[in-house]
Amino acid sequence: MGKTLFDKIWDAHVVSSKEGFPDVLYIDTHFIHEVTSPQAFDGLRKAGRKVLRPNKTVATADHNVPTWEQHLPIKEELSRFQVETLAKNCKEFGIKFYGLGHPYQGIVHIIGPELGITRPGGTYVCGDSHTSTHGAFGAIAFGIGTSQVEQVLATQCLLQSRPKRMKIEVNGKLQFGVGAKDIILYIISQITAAGGTGYAVEYAGDTIRSLSMEGRMTVCNMSIEMGARCGLIAPDETTFNYVKGREFAPKGEEWDKALAYWETLYSDEDAQFDKILSFRAEDIEPMITYGTNPGMGIGVTQHVPATKDIDATEQLSYANSLKYMGLTDDQLMLGKEIDYVFIGSCTNARIEDLRQVAKFLKGRKKADNVTVWVVPGSKQVEQQAIAEGLDKVFEAAGISLREPGCSACLAMNEDKIPAGKYCVSTSNRNFEGRQGPNSRTFLASPLTAAAAAVTGRITDIRELLQEEELVG
Amino acid sequence: MTKIFKHVQSTVVPLPIENIDTDQIIPARFLKATTREGFGNNLFRDWRYDNQENPKDFVLNHPTYSGKILVAGKNFGCGSSREHAAWAIVDYGFDVVVSSFFADIFKGNALNNGLLPVQVSDTFLAKIFEAVFADPLTIIDVDLEKQEITIASTGEQESFEINAYKKACLINGYDDIDYILSHKAEIEAFEER
């Protein structure tokens with residue numbers, strides 16, 4: 001019987017498999033950042049253990065860092081201490097660290113791919129749930145807790161039970177104004193925030209195949225928002241072309257050897273999945289979330305579902321969620337006034353996202369009553385944006401291009417949405433208080449966020465654009 | 001090191017809300033510590049206190065409910081992988097979380113910190129809530145060795161699943177790293193491939 005893509009990669013990384021025990025899985029690259037690693041290094045020190053393979057861990061500072069005047073010392077004391085602790089730990093244990101000011105610094109899930117560290121067929125973990133992003137290359141990648149960070153540092157392996165396999169197919173032609181972010185928000189709205197729990201999800205179908213690497217990363221990034229262990233997409237020419245020539249990508253003969261292997265990475269025709277779901281691209285509108293988990297999303301032209309139509313056991317939680325958001329049953333989302341727009345995060349802060357937003361903003365201005373933050377995903381994205389003059393386009397629209405970091409996605413730095421205010425955000429979570437205590441988040445695509453920046457309201461991007469504006 | 005866990009009998013704290021994410025369990029702004037201690041003070045911070053630090057109407061502020069077992073609605077612990085969520089629950093004084101569904105990463109983090117996630121059916125979860133709301137002194141008995149959870153007053157019981165290896169770790173205080181390092185030769189052989 002044939003194998004799924006997931007099983008091919010998993011089997012190639014099993015160090016030990018014993019009945020009744022989780023597998024010992026070899027990890028190709030371990031990414032770490034300042035927030036979920038200090039306790040792991042402490043654990044190593046307490047137990048007198050070393051990092052087994054220091055050259056297989058890559059560190060950066062992203063969660064806590066300011067996105068303005070990064071050349072100055074971090075003002076917030078605890079954040080500064082956490083970033084300094086990471087630098088110290090990396091030095092002590094011999095780990096490569098891309099700290100503030102380094103040309104490779106950035107959000108951990110943006111720098112891995114752009115440096116050619118993330119490759120087809122690999123295994124990647126990080127103390128961050130959005131590690132699923134790296135699966136876009138046809139890799140197994142997932143988030144882990146700090147005890148497991150310690151485990152990987154000490155052993156370069158992870159104890160892990162094999163999840164079930166799900167295939168999600170999307171076929172057909174996307175409507176204009178609809179992109180990768182809308183696809184994944186739509187899927188989660190259909191299967192709920194828990195619908196993928198226990199599964200490794202392979203995304204397939206011609207719509208997925210037509211996406212750029214950036215789009216595929218956006219899709220895989222939010223796999224965790226339906227509870228999935230990880231998400232992955234079989235590598236193809238799009239993948240190989242993206243990886244080729246990057247800083248740490250294989251070169252010369254190594255490349256040829258790697259490519260020959262990567263070309264075997266797909267689910268066999270007769271591979272068995274535990275679950276298969278299919279969606280039609282034509283059914284997907286530009287999406288917006290209205291509630292407090294990423295499964296609570298609808299097409300931007302639709303009305304908020306009424307509490308009475310929700311499953312009886314969940315009505316209380318649902319009503320609380322609408323109350324938190326200041327929305328009512330059957331409310332139309334279009335036209336809802338907003339206060340902030342955040343374009344950034346590991347979901348949507350790659351160069352393609354910034355290009356798309358700049359293209360739309362050219363010749364337009366942000367609404368006076370809206371604060372807009374555009375935060376590039378990495379130093380390289382920032383430099384590329386400046387080289388292409390995107391910063392000037394943003395400036396003309398009344399918006400400053402900030403410096404790289406996780407920023408308002410989780411508001412650990414100064415970029416917080418004030419209590420009660422509404423933010424249209426290209427990030428991945430609309431949980432209560434996620435963007436600052438009592439903040440209210442509407443998740444959307446970069447284009448829908450940019451449209452809201454211009455009008456100051458939730459807007460259907462298709463009303464502002466002619467189709468030809470988006471092409472090319 | 002994993003703490004040793006076998007059997008808990010306790011009153012419970014009921015939290016009948018679905019999809020409780022780890023941002024609610026411990027908001028991101030409290031993740032700046034570099035040690036594992038002290039997170040209990042900020043457990044469910046924004047549900048417990050308002051912006052002026054005044055206690056809100058929330059079950060942890062309610063003297064009626066206390067105990068070593070937290071009982072919550074389905075899909076508990078979704079969202080961020082922050083282990084700080086498990087640390088906060090343990091630090092506050094809970095030994096067990098009962099729900100009808102757990103998010104994967106949270107479940108793993110809990111088990112790595114001696115916090116037992118007990119997954120029960122929707123029906124049994126409803127029975128626990130019913131019993132506790134009728135009588136806040138209701139005792140719930142969680143027996144890890146037998147893998148059974150019992151509502152003491154009614155004797156209603158359900159068995160629960162747990163990975164055999166993780167069960168042995170909890171009962172004996174085993175450490176995952178020691179287990180993996182016992183495969184050092186295999187790890188090195190793998191790297192030679």
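Just so we're on the same page: letters track the sequence lines, and every chain starts at 1.
Proximity to chain A is absent for every atom of Phe30(B), based on heavy atoms less than 4.5 angstrom apart. Glu18(B) touches chain A through backbone and side chain together, each having a heavy atom under 4.5 Å away. For Asn19(B), the part lying near chain A is the side chain, with the backbone staying farther off; criterion is any non-hydrogen pair under 4.5 Å. Residue contact with chain B, scored on non-hydrogen atoms closer than 4.5 Å, is absent for Lys46(A).
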For this session: Could you walk me through whether Gln435(A) and Asp415(A) pass the side chain to side chain contact (heavy atoms under 4.5 Å, CB included) test, one step at a time?
Result: CA-CA 8 Å; Gln435(A) 298 194 286; Asp415(A) 306 343; over 6 Å; no
For this session: Report the C-alpha distance between Glu432(A) and Trp47(B) in whole Å, list the side-chain angles of each, state the deciding distance to 0.1 Å, and finish with yes or no for side-chain hydrogen bond (donor to acceptor under 3.5 Å, both in side chains).
Result: CA-CA 10 Å; Glu432(A) 286 184 30; Trp47(B) 287 356; 2.9 Å; yes
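Near-neighbour residues of residues 143-151 of chain B relative to chain A, defined by a heavy atom under 4.5 Å from a heavy atom of that chain, are none. Within residues 182-193 of chain B, the residues having any heavy atom less than 4.5 Å from a heavy atom of chain A are, in residue-number order, His183(B), Lys184(B), Glu186(B), Ile187(B), Glu188(B), Phe190(B), Glu191(B), Arg193(B). Of all residues spanning residues 58-75 of chain B, those with a heavy atom less than 4.5 Å away from chain A's heavy atoms are Lys74(B), Asn75(B), arranged by number. For residues 122-138 of chain B, an interface with chain A (any heavy-atom pair closer than 4.5 Å) does not exist.
The pair Glu150(A)-Arg36(B) meets the salt-bridge criterion, with a side-chain N (NZ, NE, NH1 or NH2) lying under 4.0 Å from an Asp/Glu carboxylate O.
Residue-environment remark: NZ (Lys323(A)) stays at or below the threshold of 12 foreign heavy atoms within 6.0 Å.
At a cut-off of 3.5 Å, with distance as the only test, a side-chain donor of Gln24(B) or Asp21(B) sits close to an acceptor on the other residue. For the residue pair Arg48(B) / Asn41(B), no side-chain donor-acceptor distance below 3.5 Å is found, with atom types taken as modelled. Using a 3.5 Å distance cut-off with no hydrogens or angles, the side chains of Thr347(A) and Asn428(A) do pair a donor with an acceptor.
For Lys107(B) against Pro117(B), the heavy-atom pair with the smallest separation is CG-CG, 3.6 Å.
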